[in-house]
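This report refers to the structure that appears directly beneath it.
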Amino acid sequence: MNQILVFKTNILSANAEVRVALLLNAQSNVLQWSIDHEDIDEVLRVVVLGMEEADLMSLLNGLGLQCTPLRDELVPESRFQF
């Protein structure tokens, strides 16, 4: 089953993006990926099949890049005031 992994990164330069592209495009279990340069966190979204988050982080760290998993956090209903 496909899984979407989302990371906060420091992919700030075109050179870093090229290195990420070469790495991710060479992985058979990476189906699709994108970097949101308009987001302050330089968010990397990767659609994978049968790849663990830690494995992908290890690959990116091997390039000298920082990446931190971003997970959906639900806001408790008690914080909403109606």
Side-chain angles (χ1 to χ4, degrees):
M1 180 163 77
N2 293 356
Q3 181 179 6
I4 300 173
L5 305 177
V6 183
F7 301 94
K8 173 182 176 177
T9 73
N10 66 339
I11 304 170
L12 301 172
S13 69
N15 183 40
E17 186 168 348
V18 167
R19 292 182 306 151
V20 169
L22 291 171
L23 174 76
L24 296 180
N25 291 339
Q27 306 301 313
S28 62
N29 43 1
V30 171
L31 306 178
Q32 182 179 357
W33 63 273
S34 66
I35 302 169
D36 185 353
H37 292 293
E38 293 184 18
D39 190 298
I40 193 167
D41 291 329
E42 298 293 324
V43 173
L44 171 66
R45 289 177 183 81
V46 185
V47 180
V48 298
L49 178 62
M51 179 180 252
E52 297 294 323
E53 184 177 78
D55 296 330
L56 188 54
M57 288 177 62
S58 179
L59 289 171
L60 293 167
N61 290 335
L63 292 178
L65 297 170
Q66 298 172 1
C67 62
T68 305
L70 293 176
R71 295 182 176 86
D72 288 336
E73 294 182 13
L74 298 176
V75 178
E77 287 185 38
S78 61
R79 291 193 54 200
F80 292 104
Q81 304 241 341
F82 295 100

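In what follows, every heavy atom counts, from backbone to side chain, and hydrogens, waters and symmetry copies are set aside.
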Reported [atom1]-to-[atom2] distance for the pair [X] and [Y], which is rounded to 0.5 angstrom:
{"X": "L65", "Y": "E42", "atom1": "CG", "atom2": "CD", "result": "11.0 Å"}
{"X": "F7", "Y": "L70", "atom1": "CZ", "atom2": "CG", "result": "9.0 Å"}
{"X": "L44", "Y": "T68", "atom1": "CG", "atom2": "OG1", "result": "11.5 Å"}

Side-chain heavy atoms of V43 within contact of V6, under 4.5 Å: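 Side chain of V43 against side chain of V6, heavy atoms only: contact under 4.5 Å found.
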Side chain proximity check, E53 to R71, heavy atoms < 4.5 angstrom: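 Side-chain contact under 4.5 Å: yes.
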Side chain to side chain contact (heavy atoms under 4.5 Å, CB included) against S34, all qualifying residues, sequence neighbours excluded: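 So S34 forms a side chain to side chain contact (heavy atoms under 4.5 Å, CB included) with R45.
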Please list every donor-acceptor pair under 3.5 Å in which a side-chain atom of residues 18-33 meets a protein atom from a residue at least two apart or in another chain.
residue : atom : partner : partner atom : Å
R19     : NH1  : L63     : O            : 2.9
N25     : OD1  : W33     : NE1          : 2.9
N25     : ND2  : A21     : O            : 3.1
Q27     : NE2  : L23     : O            : 3.3

Which atom of E17 lies closest to which atom of I35, heavy atoms considered: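 Here E17 and I35 meet closest at CG-CD1, 3.7 Å.
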Which atom of L5 lies closest to which atom of M51, heavy atoms considered: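 It is CD1-O, 4.4 Å.
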Any donor-acceptor N/O pair, N10 side chain to Q66 backbone, under 3.5 Å: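 At least one qualifying donor-acceptor pair exists.
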Donor-acceptor pair, side chain of T9 and main chain of C67, under 3.5 angstrom: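 Checking the backbone N and O of C67 against the side chain of T9, no donor-acceptor pair under 3.5 Å is found.
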Any residue meeting salt bridge (Lys or Arg N to Asp or Glu O under 4.0 Å) with D41, in chain and number order, not counting sequence neighbours: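 K8.
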Name of the residue among V47, V48, V46 meeting side-chain contact (heavy atoms from CB on, under 4.5 Å) with I4: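 Considering V47, V48, V46, a side-chain contact (heavy atoms from CB on, under 4.5 Å) with I4 is found only for V47.
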L49 atom CG, over 12 foreign heavy atoms within 6.0 Å: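 Correct, the count exceeds 12.
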